[in-house]
Protein chains: 2
Amino acid sequence: MRHDSRLSRMLHVLIHMDRHEGTATSETIAAMLNTNPVVVRRTMAGLREKGYVRSEKGHGGGWTLGRPLSEMTLLDIYEAVGEPAVFAVGPACEQPSCLVEQAVNAALAEAFEEAEKLLLSRFGKVTLADIARDFDARMARHPAFATAAGAGWHS
Amino acid sequence: MRHDSRLSRMLHVLIHMDRHEGTATSETIAAMLNTNPVVVRRTMAGLREKGYVRSEKGHGGGWTLGRPLSEMTLLDIYEAVGEPAVFAVGPACEQPSCLVEQAVNAALAEAFEEAEKLLLSRFGKVTLADIARDFDARMARHPAFATAAGAGWHS
DNA sequence: AAGTTTGTAACTTCTGTTGTTGCGAATAAG
DNA sequence: CTTATTCGCAACAACAGAAGTTACAAACTT
């Protein structure tokens, strides 16, 4: 099953925005993500509602960060993109009348809830600043990319 | 994103088969799952390869359990249906050249791997006999269903 | 030989993300 | 105030993967 890449994409964008001076247009961001400006606006609308980014229309407009990366966790962004379903596997029926199926669903639900709890709890502990620091470490190990990467927008 | 219900369905079928005397045809099973005999054969083919069920062609043929429920775990069945992707959320690109994206992917991968490890480890500890026991407990609490449920095939 | 049942390929349907087009609204520049 | 830029949003098309369907061959029972 093809997976949802919105969380991943938004993390990517936010860190770039932090390293980039001024505003970034949907077009610029779309080029970086290899996608379409409309998809960028659609996805970032959720982040704007929560105040993680701001948008300005017209000349010189575009997107800016609404708060520092140290004040955004993976969980925040996961929630801002609409809390998409975490699991690609699930029950055949939500409210089965069959008692066997009820027992199966209960066993699966228990396992999935535990895993989801762990995942989201971990998401809550990782800030975007942590990821940006890891990016810095990676750049230090790859000096060839340093100039281009440090300059701002790139894919 | 719509999820994969093969694991859930196979657990459902296997427990019914355990409580059912003799063989069950794909048609009977399909009726119970509200689906199609071909879908049943397709999905159960994986279980047959691992020996969890056997199939016989012709008159009086159909499906039978290949071993007791106490010797099948959720993990076994998960693997037998093809180890479908657990998560519906994931990276936009598997091998990104962008170092920011690499750092994002690494952070997400770490969290997802941990959650998947927990999930599968739990799957490995739950046998189908455990679920069947839970079914028995549910039936004891719902005496109205006891006759129909105990008789064998039902939805 | 006839009837039942699985095995499998090929195709369609369904659902949700992603991609695209088009146009309106807001803002800045000249 | 006119024009260029940029977001906002609705509507629709493309795509991917699971599920459903059709058709027919193969194997087995009686």
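Just so we're clear, the structure is a prediction, and the values are computed from it rather than from any experiment. The figures that follow rest on heavy atoms only: side chains count, while hydrogens, waters and symmetry mates do not. Note on naming: letters A, B, ... go to the chains in the order of the sequence lines (proteins, then strands), and numbering restarts at 1 for each one.
Mapping A:Arg6 and B:Arg48 onto DNA chain C by nearest heavy atom places B:Arg48 closer to the 5' end of the strand. Comparing A:Gly61 and B:Thr43 against DNA chain D, the residue whose closest nucleotide sits nearer the 5' end is A:Gly61.
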### Query
What does nucleotides 21-30 of chain D look like as a protein-contact string, B for base, S for sugar-phosphate only, - for none, at under 4.0 angstrom between heavy atoms?
BBB---SBBS
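Checking the phosphate oxygens (OP1, OP2) of D:dA19, a side-chain nitrogen or oxygen of B:Ser5 falls inside 4.0 Å. Using a 4.0 Å cut-off, some side-chain N or O of A:Ser26 falls inside it from OP1 or OP2 of D:dC7. Under 4.0 angstrom from either OP1 or OP2 of C:dG19 there lies at least one side-chain N or O belonging to A:Arg9.
Here B:Asp18 does not pair with B:Arg67 in a salt bridge; the nearest charged N to carboxylate O distance is not below 4.0 Å. For A:Asp136 and A:Arg133, the salt-bridge test fails: no basic side-chain N is under 4.0 Å from an acidic carboxylate O.
For the pair B:Leu7 CG and D:dA19 P, the interatomic distance rounds to 11 Å; values are reported in whole Å. At whole-Å resolution of the value, NE2 in A:His3 and C1' in D:dA18 are 16 Å apart. Counting to the nearest Å, the C1' atom of C:dT18 and the CE atom of A:Met44 are 17 Å from each other.
The distance from the NE2 atom of B:His16 to the CD1 atom of B:Ile29 is 10.5 Å, given to the nearest 0.5 Å. Atom CD of A:Glu94 is separated from atom CD of A:Glu101 by 10.0 Å, given to the nearest 0.5 angstrom.
In the set C:dT6, D:dT6, C:dT18, C:dT18 carries the atom at the smallest distance from any side-chain atom of A:Asp4.
Relative orientation of the A:Phe112 and A:Phe87 rings is tilted, given thresholds of 30° and 60° on the angle between their planes.
B:Arg54 comes within 4.0 angstrom of nothing in the nucleic acid, heavy atoms only.
A search for side-chain hydrogen bond (donor to acceptor under 3.5 Å, both in side chains) contacts involving B:Glu110 returns A:Arg122, not counting sequence neighbours.
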